[in-house]
2 protein chains.
Amino acid sequence: MRQLVYEILEKQKKALSLYEIEQQFDNVERSTIFRTLKTFQDNYLIHSIDDGTGAVKYALCDDDCTCKPDDLHIHFLCNKCGQTHCMKDMPVPKMDLAEGFSFENANFVVKGICPNCR
Amino acid sequence: MRQLVYEILEKQKKALSLYEIEQQFDNVERSTIFRTLKTFQDNYLIHSIDDGTGAVKYALCDDDCTCKPDDLHIHFLCNKCGQTHCMKDMPVPKMDLAEGFSFENANFVVKGICPNCR
DNA sequence: TAAAACTTTGCAATACTGTTGCACGTACTC
DNA sequence: GAGTACGTGCAACAGTATTGCAAAGTTTTA
C-alpha cells in the first residue's frame with residue numbers, strides 16, 4: 001500500500017488530495033490511504049498543503065527537505081482546473097513581522113491560471 | 001442583523017470565524033450570520049481568510065479596499081491562541097511566476113506566536 | 001389600507017472532508 | 001501451534017459549510 005501510494009505521488013508533478021488519490025485505486029478505503037499519508041507525513045516523506053479549496057493536498061518532499069521553515073516553498077493553485085503545483089524553486093520570502101510577532105511557519109498559495117489552462 | 005454583525009467585526013482587530021461571531025449573540029442562527037457574511041462579501045465589505053485552521057475567518061476591508069490583487073495583505077495566525085491578525089500594512093509580495101503562470105490572487109498566512117502569547 | 005411582492009430568519013437537513021474505534025485477517029516470532 | 005504485531009475495511013462520528021422550506025416581517029402598489 002505504501003509503495004503504491006508513493007508511486008502515485010511520484011508520478012504526479014502536482015499535489016494530490018486524499019480524494020484524488022483514492023480515485024486512482026479501484027477499491028481502497030479512504031481511511032487506509034489517510035493513515036498511509038499520515039505515516040508518510042510523520043516521517044517527513046511528504047508535506048501537506050492547504051490551498052483553500054477545502055481539501056488538503058499532499059506532495060512528495062525533496063530528498064533534502066526537512067519540512068522546516070527554511071524549506072517552505074510557494075504553491076500555485078489553478079483557478080480553472082483546481083490543480084495545485086509545487087513551486088519548489090520559489091521559497092517563501094522572509095517577512096519582517098511587526099514587533100512582538102515571531103515566525104514559525106508560513107503558507108503561501110498563489111492563485112491564477114496555469115499553463116495548461118490558458 | 002447586518003448592523004450588528006458589522007459592529008462586531010468593527011470592534012475586533014482580528015479576523016473572526018463564523019463560530020466566533022455566533023458566540024457573540026444569544027440566539028442567532030449560524031445560517032443567518034452565514035448569509036449576512038455572504039452578502040457582505042458579495043458587496044466587498046469584508047474579506048475572508050482561510051488560515052488553515054479549518055474555519056474561514058472574516059475581517060472588514062479598508063474603506064479603499066477593492067479586494068483586488070493590489071489590496072492583498074498578509075495574515076498572521078498565532079499557533080498558541082489561534083487568533084488571526086490582519087497585517088494591513090504588509091502587502092503580499094509580488095512573485096515572478098514561472099513561464100505560463102498568470103497571477104490572479106494569493107493567500108499568504110504567516111504562523112507563529114503573537115505578542116499576547118509570548 | 002389591504003393585498004401582493006419581496007426579504008429575512010430559524011429550523012432542519014445535507015454535503016464534504018477528515019478522523020477514530022473496532023473487528024477481522026495476515027504475517028511474523030518463538 | 002499459540003501469541004503478538006501490523007494493516008485493512010467498515011462504520012460511525014466530528015466539524016464546518018451550505019441549502020430548502022416555511023413562517024414572520026417589511027415594503028410596495030393599487
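Chain naming here is simple, since letters A, B, ... match the order of the sequence lines and numbering starts at 1 in each. Every heavy atom of this structure was used, including side-chain atoms; hydrogens, water molecules and symmetry mates were not.
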Expressed in angstrom and rounded to an integer, what is the separation of [X] atom [atom1] from [N] atom [atom2]?
X        : N       : atom1 : atom2 : result
Gln41(A) : dG18(C) : CD    : P     : 11 Å
Leu4(A)  : dG7(D)  : CG    : C1'   : 13 Å
Arg2(B)  : dT8(C)  : CZ    : C1'   : 8 Å
Glu22(B) : dT18(D) : CD    : C1'   : 14 Å
Glu20(B) : dA17(D) : CD    : C1'   : 16 Å
Leu18(A) : dT20(C) : CG    : P     : 13 Å
Ile21(A) : dT8(D)  : CD1   : P     : 14 Å
Leu37(B) : dA17(D) : CG    : P     : 10 Å

**Study point:** Phe34(B) side chain, from C-beta outward: closest of dG10(C), dT19(C), dT18(D)
**Key:**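 Among the listed nucleotides, the one closest to the side chain of Phe34(B) is dT18(D).
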Point to revise | Selection from dT18(D), dG10(C), dG7(D) that lies nearest to any side-chain heavy atom of Glu29(B) | key: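 When the side chain of Glu29(B) is considered, dG10(C) is the closest of dT18(D), dG10(C), dG7(D).
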Review point. Do Val56(B) and Ile49(B) have side chains that get closer than 4.5 Å, going by heavy atoms?
Key: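 Counting from C-beta outward, Val56(B) and Ile49(B) never come under 4.5 Å.
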Point to revise | Any side-chain donor near an acceptor of the partner, Ser17(A) and Lys57(A), under 3.5 Å | key: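 Short answer, no.
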Review point. Using 30° and 60° as the class limits, which term best fits the ring planes of His73(A) and His47(A): parallel, tilted or perpendicular?
Key: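 Because their plane-to-plane angle is over 60°, the rings of His73(A) and His47(A) count as perpendicular.
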Practice item. Verify the contact: side-chain N or O of Arg30(B) to OP1 or OP2 of dG10(C), cut-off strictly under 4.0 Å; return yes or no. Key: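 For dG10(C), OP1/OP2 do not have a side-chain N/O of Arg30(B) under 4.0 Å.
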**Study point:** Over 12 foreign heavy atoms within 6.0 Å of NZ, Lys38(B)
**Key:**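 Atom NZ in Lys38(B) is not crowded, with 12 or fewer foreign heavy atoms closer than 6.0 Å.
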Check your understanding: Quick one: does Arg35(A) reach the base of dG9(D) with a side-chain donor-acceptor pair under 3.5 Å?
Key ->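 Check passes, donor-acceptor contact within cut-off.
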Review point. Reckon Ser31(A) touches a base, only the sugar-phosphate, or nothing at all at heavy-atom distances under 4.0 Å?
Key: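 Counting heavy atoms under 4.0 Å across all strands, the contact made by Ser31(A) includes a base.
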